[in-house]
Amino acid sequence: DQRAASAMNALAHAAEALYGPLANPVAELAGLKAAELLSGGLRAAEEAKARGRLALGALLAGFAVGSAGFALHHVLGQSFVRVTGAPHANVYAVLLPRTLAAMAGRAPEALGKLARALGNPEPDPASAPKLVAALAAQAGATRLAELGVGRERLPEAAAAAAARPDLAVNTPDPPDEAELLALLESAY
């Protein structure tokens, strides 16, 4: 479902606005509300409610990331798409649960807030990736291999991501190339 994949792209915007060095209270409020709306939109049974929630959620998520900047998820996802030519939104849907899992220990407070926005009663950072994985599964593909990319492309994508300065600037405790490759391998 392309709509779910696009919603995961927007959710990635919302999530990354929460933990970079440019994160701020307004971006956080917009990002958390966006996550709540996107999650609700993907769960809504009524089409009109789903569409409205998804649209407003995407708008707020775009604002949030625009003021706070890209970090691990976007750097890795964009690099992977550039290297492989795989479909952008689908790659984001596959990677988001994994990049959030990588961030749970690096930005636990932010991921805890995200978990609550996604419906978890407790601010448990480890639950955010699991909640996102359930939403991302609606996009169809859950593995990079399902997107027609050969495993041999993973090292090139990891190297491209590791070379981007925004990874080191915007990601708390930025992963090195080996960790990026391991993350891609886990998604393959």
Side-chain angles (χ1 to χ4, degrees), residues 1-20 22-78 80-81 86-104 107-144 146-147 170 187:
D1 176 281
Q2 203 55 37
R3 179 167 67 176
S6 294
M8 291 301 98
N9 182 29
L11 186 55
H13 292 159
E16 289 210 320
L18 303 177
Y19 51 74
L22 299 177
N24 60 74
V26 176
E28 180 180 298
L29 285 172
L32 293 173
K33 186 61 177 179
E36 179 185 320
L37 287 164
L38 292 164
S39 174
L42 287 173
R43 292 182 177 121
E46 187 180 319
E47 178 64 24
K49 285 185 179 178
R51 192 177 311 128
R53 288 176 184 162
L54 292 170
L56 182 55
L59 185 72
L60 288 172
F63 169 82
V65 81
S67 67
F70 294 152
L72 169 62
H73 178 79
H74 281 82
V75 170
L76 187 59
Q78 289 171 355
F80 188 86
V81 168
H88 178 270
N90 299 85
V91 167
Y92 276 40
V94 170
L95 290 180
L96 187 57
R98 292 160 178 96
T99 56
L100 290 177
M103 291 307 302
E109 183 179 347
L111 271 282
K113 290 177 182 180
L114 179 62
R116 292 205 58 187
L118 295 171
N120 200 58
E122 297 298 321
D124 173 22
S127 69
K130 294 172 187 166
L131 293 165
V132 170
L135 295 171
Q138 294 181 43
T142 58
R143 314 285 309 164
L144 293 172
E146 296 171 59
L147 302 178
N170 293 337

Expected output: side-chain Glu146 to main-chain Arg143 donor-acceptor under 3.5 Å: yes
Work out which heavy atom in Ala35 is nearest to a heavy atom in Ala117; give both atom names and the distance. CB-CB, 4.1 Å
Specify the closest pair of heavy atoms between Ala7 and Leu54, including all atoms of both residues, with the distance to one decimal. CB-CD2, 3.9 Å
To the closest 0.5 Å, what do you measure between CD (Glu16) and CE (Met103)? 7.5 Å
Spacing of CG belonging to Asn9 relative to CD belonging to Gln2, to within rounding of 0.5 Å: 10.0 Å
Carefully, step by step, assess Phe80 and His88 under the rule side chain to side chain contact (heavy atoms under 4.5 Å, CB included). CA-CA 9 Å; Phe80 188 86; His88 178 270; over 6 Å; no
For residues Ser39 and Leu135, determine if any side-chain heavy atom of one lies less than 4.5 Å from a side-chain heavy atom of the other. yes
Straight-line distance of Asp1 CG to Met8 CE, nearest 0.5 Å: 10.0 Å
What distance do Leu100 atom CG and Leu114 atom CG have between them, rounded to the nearest 0.5 Å? 6.0 Å
If I compare all heavy atoms of Pro125 with all of Leu111, which pair ends up nearest, and what's the gap? CB-CB, 3.7 Å
Which heavy atom in Ala5 sits nearest to a heavy atom in Ala93, and how many Å separate them? CA-CB, 4.3 Å
When you look at CD of Glu109, are more than 12 heavy atoms from neighbouring residues, nucleotides or ligands closer to it than 6.0 Å? no
Taking Asn170 for the side chain and Phe70 for the main chain, is one N or O donor matched with an acceptor at less than 3.5 Å? yes
Aromatic contact between His13 and Phe63, with the criterion being ring centroids under 6.0 Å apart: yes or no? no
What is the minimum heavy-atom distance between Ala128 and Leu118, and which atoms define it? O-CD1, 4.2 Å
Please report the interatomic distance CG(Asn24) to CG(Leu18), rounded to the nearest 0.5 Å. 10.5 Å
Which heavy atom of Gly31 sits nearest a heavy atom of Ala64, and at what distance? N-CB, 3.7 Å
Non-hydrogen side-chain atoms of Leu147 and Leu144 separated by less than 4.5 Å: yes
Reported CZ-to-CD distance for the pair Arg53 and Glu46, which is rounded to 0.5 angstrom: 8.5 Å
Between Glu36 and Lys33, is there a side-chain N and carboxylate O pair less than 4.0 Å apart? yes
Looking at Glu28 and Lys113, is there a salt bridge between them, counting it only when a charged N and a carboxylate O are closer than 4.0 Å? yes
Does Arg3 pair with Glu47 as a salt bridge, N-O distance under 4.0 Å? yes
Treating Arg98 as the side-chain partner and Val94 as the backbone partner, does any N or O pair qualify as donor plus acceptor under 3.5 Å? yes
